[in-house]
Colleague: 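Please read through the structure below; I'll follow up with questions.
Any value given below was found using the heavy atoms of this structure, including those in side chains, with hydrogens, waters and symmetry copies removed. Worth saying up front: this structure is predicted, and the values here are computed from it rather than measured.
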Amino acid sequence: MRDKKNFTYEEAVEYVLQIPKFTKKNTPEDTRRFYEYLGRPGESSGLIHVAGTNGKGSVCSYINAVLEEAGYSPGLFVSPHLVDVRERFRLKGQMISKEDFTEIFMKVLENVENFCKKSGDCVYHPTFFEMLFFMGMLWFQEKGADYIILETGMGGRLDATNVIDHPLVTVITHIGLDHTEYLGDTREKIAGEKAGIIKKGVPVVFWEQEEEVNRVIVEKAREMSSEVIPVSEKQVVLFKFKNKTVDFSMSSEYYEYIRASLSTKAVYQKENAALAVCALEVLSRSCPVTRQHVEKGLSQAKWEGRMEEVLPGVFIDGAHNEDGMQAFLESVREDGCRGKRHLLFSAVADKRVEPMAQRIVDSGLFEDVAIARLDSPRSLTEEQLDSLWSGRNQVRLYHSPEQAMEALLEKKRPEDEVYAAGSLYLAGQLKAYLEKRKQKQQL
């Protein structure tokens, strides 16, 4: 291990990004032992733990926005990042500074070295996600976060964030078929993994779905003597898309009636906002969060990469699995487009991409589809993309998402809309490119 005093911010980021190349997966016991060695940082704050397949980040963002509006200092730990790794750590809406990132990184690394010496376990090293989780918890503790909102990375039962023992509330969002090689090949099995975050006596808020999914979550909650708070479409009593916002209203046990104008054209966000409201109801039992705080916070919340308008009439959505793609298409269908719609699609190889592509074709929403390989070793190859869309009319292969986006922008008329979807990697790559493009145009 090198001299930690010499790390620059750029070197610290590079080290973190290279971790997957030299670490092995640790057992939950390994993760817990090191977390305890650190002193279980962050546990003096109120913890909110969120798992699920789709919508985790959005739920976390809505809860965070409301707590900020109520005057608290919430810490937000989410994944993945789109452009900058520092996006994963936010306090009162602000990303961690480069200086704090470097300092906290070195602190964790020093503790790893000391832990190995003390325990004799010289092979231990945090995985990529564990390193970021430990850094986040230490930073939130140092900054005195009132609450910490934790999004699981993948799954729940074996997730690094599951070392926490006493959250105030747990939330389980929509369950879909994703990461099936790790979590199971049915929604029921995946629900079992997500339900692993339920803690003894801690209320769990979850989105009602198929009976087999609901049953898994309810049975786990009963086993843990945890209050069960199901949330469903029935509680969303008014929903309307208007002028790039979603008019959201829901009946609420504590607040009675919530009404907010969500700053998004993603109709699926009504589900995530409803989950956030019910989680906040639990928090309001021990801290003052009023209906006015909830309504204003929801209206002000924004979450990047989810039907995000990056240029006039150009939207990026992180839809990266079948359910996410279906939710994306439902939002596109409600967009009120007066012209033609154009789509840029790409995906990683470990996703169920054929059903995603079929949903796009069946929707009939797009005039044409541009496809391109991502700048990622996980990406589908050009050959795989071409084969996936073989025989489809109005589909063109480009050598990069950047080239594809430029082609779509060139043909876009003012009344047209351009969308990009299929992967969060695509969302991040395009956001980085468009930001550089904007800076060049301003020179």
Colleague: At what distance, to the nearest 0.5 angstrom, does CD1 of Ile229 lie from OG1 of Thr170?
Modeller: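 Those atoms lie 9.0 Å apart.
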Colleague: Compile the donor-acceptor pairs under 3.5 Å between side chains in residues 198-208 and protein atoms, sequence neighbours left out, one pair per line.
Modeller:
{"residue": "Lys199", "atom": "NZ", "partner": "Asn162", "partner atom": "OD1", "Å": "2.5"}
{"residue": "Lys199", "atom": "NZ", "partner": "Ile197", "partner atom": "O", "Å": "3.0"}

Colleague: Check Leu280 against Ile63 and note the closest heavy-atom contact, atom names and distance.
Modeller: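 Heavy atoms of Leu280 and Ile63 come nearest at CD2-CG2, 4.2 Å.
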Colleague: Where the side chain of Gln326 meets the backbone of Asp323, is there a donor-acceptor pair that is under 3.5 Å apart?
Modeller: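 Side chain of Gln326 to backbone of Asp323: no pair is present.
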Colleague: To check you understand the geometry: which heavy-atom pair defines the closest contact between Ser58 and Gln269, and what is its length?
Modeller: OG-NE2, 3.0 Å
Colleague: Tell me yes or no: between the side chains of Asp335 and Tyr419, is some donor less than 3.5 Å from an acceptor?
Modeller: yes
Colleague: Drop me the distance from Glu151's CD to Asp159's CG, to the nearest 0.5 angstrom.
Modeller: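 If we round to the nearest 0.5 Å, Glu151:CD and Asp159:CG are 9.5 Å apart.
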Colleague: Say you draw a straight line from CG of Leu424 to NE2 of His81; how long is it, rounded to the nearest 0.5 Å?
Modeller: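 Rounded to the nearest 0.5 Å, the CG-NE2 separation comes out at 11.0 Å.
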Colleague: OH of Tyr257 to OG of Ser251: how many Å apart, nearest 0.5 Å?
Modeller: 9.0 Å
Colleague: Salt bridge (charged side-chain N to carboxylate O under 4.0 Å, His left out) between Lys270 and Glu334: does it pass, once the steps are laid out?
Modeller: CA-CA 14 Å; Lys270 68 184 189 296; Glu334 299 287 340; over 6 Å; no
Colleague: Please collect all ring-ring contact (aromatic ring centres under 6.0 Å, His included) contacts where either partner lies in residues 28-64, sequence neighbours excluded, each pair once.
Modeller: Phe34-Phe115, Phe34-Tyr124, Phe34-Phe134, Tyr35-Phe133, Tyr37-Phe115
Colleague: Enumerate the side chain to side chain donor-acceptor pair (under 3.5 Å) contacts for residues 363-375, please, sequence neighbours excluded, ordered by first and then second residue.
Modeller: His342-Asp368, Asp368-Lys411
Colleague: Tell me whether Gln235 contacts the main-chain N or O of Ser232 through its side chain, where contact means a donor paired with an acceptor under 3.5 Å.
Modeller: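 At least one qualifying donor-acceptor pair exists.
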Colleague: Kindly indicate whether the side chain of Phe315, heavy atoms from C-beta on, has any atom under 4.5 Å from the side chain of Glu417.
Modeller: yes
Colleague: Give every donor-acceptor pair under 3.5 Å between a side-chain atom in residues 210-223 and any protein atom, sequence neighbours left out.
Modeller:
{"residue": "Asn214", "atom": "OD1", "partner": "Gln209", "partner atom": "N", "Å": "2.8"}
{"residue": "Asn214", "atom": "ND2", "partner": "Gln209", "partner atom": "O", "Å": "3.0"}
{"residue": "Arg215", "atom": "NH2", "partner": "Glu188", "partner atom": "OE2", "Å": "3.0"}

Colleague: With distance as the sole test, does Glu309 use its side chain to make a donor-acceptor pair with the main-chain N or O of Gly313 at under 3.5 Å?
Modeller: yes
Colleague: Look at Lys107 together with Glu142 and state whether they make a salt bridge at an N to O cut-off of under 4.0 Å.
Modeller: yes
Colleague: What I'd like to find out is whether the side chain of Val314 reaches to under 4.5 Å of the side chain of Lys412, using heavy atoms alone.
Modeller: yes
Colleague: Looking at every heavy atom in both Ser379 and Ser346, which two are closest together, and how far apart are they?
Modeller: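 Looking at all heavy atoms of both residues, the closest pair is OG-OG, 4.4 Å.
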Colleague: As an exercise, state the distance from OG1 of Thr264 to CE of Met307, rounded to the nearest 0.5 Å.
Modeller: 7.0 Å
Colleague: Would you say the side chain of Arg86 lies within less than 4.5 Å of the side chain of Val13, judging by non-hydrogen atoms?
Modeller: no
Colleague: Taking only Lys NZ, Arg NE, NH1 and NH2, and the carboxylate oxygens of Asp or Glu, determine whether Arg157 and Glu193 approach each other closer than 4.0 Å.
Modeller: yes
Colleague: Does the side chain of Val418 come within less than 4.5 Å of Leu311's, by heavy atoms?
Modeller: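 When only atoms from C-beta onward are counted, Val418 and Leu311 do not touch, as no gap falls below 4.5 Å.
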Colleague: Given salt bridge (charged side-chain N to carboxylate O under 4.0 Å, His left out), test Asp165 with Arg32 step by step and report yes or no.
Modeller: CA-CA 11 Å; Asp165 289 333; Arg32 181 174 290 274; 3.2 Å; yes
Colleague: Check for a donor-acceptor pair, side chain of Lys56 on one end and backbone N or O of Gly52 on the other, with a separation under 3.5 Å.
Modeller: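 Checking the backbone N and O of Gly52 against the side chain of Lys56, a donor-acceptor pair under 3.5 Å is found.
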Colleague: Quick check: does any side chain N or O of Glu87 sit under 3.5 Å from a backbone N or O of Asp84, one acting as donor and the other as acceptor?
Modeller: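 Flag set: sc Glu87 to bb Asp84 pair under 3.5 Å.
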Colleague: When rounded to the nearest 0.5 angstrom, what is the spacing between CD1 in Ile148 and CG in Leu168?
Modeller: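 Separation between the atoms: 10.5 Å.
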Colleague: Just by distance, do the side chain of Arg333 and the backbone of Ser331 share a donor-acceptor pair under 3.5 Å?
Modeller: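 No; zero donor-acceptor contacts below 3.5 Å.
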Colleague: Indicate yes or no for a side-chain donor-acceptor contact from Ser263 to the backbone of Ser299 under 3.5 Å, with no hydrogens or angles considered.
Modeller: yes
Colleague: Do any N or O atoms from the side chain of Thr245 and from the backbone of Ser261 form a donor-acceptor pair under 3.5 angstrom?
Modeller: no
Colleague: Are Asp30 and Thr27 close enough that a side-chain donor and a side-chain acceptor fall under 3.5 Å?
Modeller: yes
Colleague: Verify whether the ring centers belonging to Phe77 and Phe140 lie closer than 6.0 Å.
Modeller: no
Colleague: Under the salt bridge (charged side-chain N to carboxylate O under 4.0 Å, His left out) rule, what do Arg338 and Glu415 come out as? Steps first, then yes or no, please.
Modeller: CA-CA 6 Å; Arg338 295 177 291 106; Glu415 65 270 25; 5.7 Å; no
Colleague: Under the ring-ring contact (aromatic ring centres under 6.0 Å, His included) definition, can you give me all pairs with a residue in residues 355-397, not counting sequence neighbours?
Modeller: Phe345-Trp389
Colleague: Give me the atom names and distance for the closest heavy-atom approach of Glu43 to Ile164.
Modeller: OE2-CA, 3.4 Å
Colleague: Please name all residues satisfying ring-ring contact (aromatic ring centres under 6.0 Å, His included) with Phe105, sequence neighbours left out, ordered by chain then number.
Modeller: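 Phe105 satisfies ring-ring contact (aromatic ring centres under 6.0 Å, His included) with Phe7, Tyr15 only.
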Colleague: May I ask you to check whether Gln429 and Glu402 show a side-chain donor-acceptor distance below 3.5 Å?
Modeller: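 Checked: Gln429/Glu402 side chains pair up, N/O donor to acceptor below 3.5 Å.
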Colleague: So, the side chain of Arg88 versus the backbone of Ser79: is there a donor-acceptor pair under 3.5 Å, distance only?
Modeller: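 Here the side-chain-to-backbone pair does not exist.
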Colleague: Please confirm whether the backbone N or O of His125 pairs with a side-chain atom of Asn26, one donor and one acceptor, at under 3.5 Å?
Modeller: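 Yes, Asn26 side chain to His125 backbone: donor-acceptor pair under 3.5 Å.
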Colleague: In terms of heavy-atom contacts, does NZ of Lys234 have more than 12 from other residues, nucleotides or ligands at under 6.0 Å?
Modeller: no
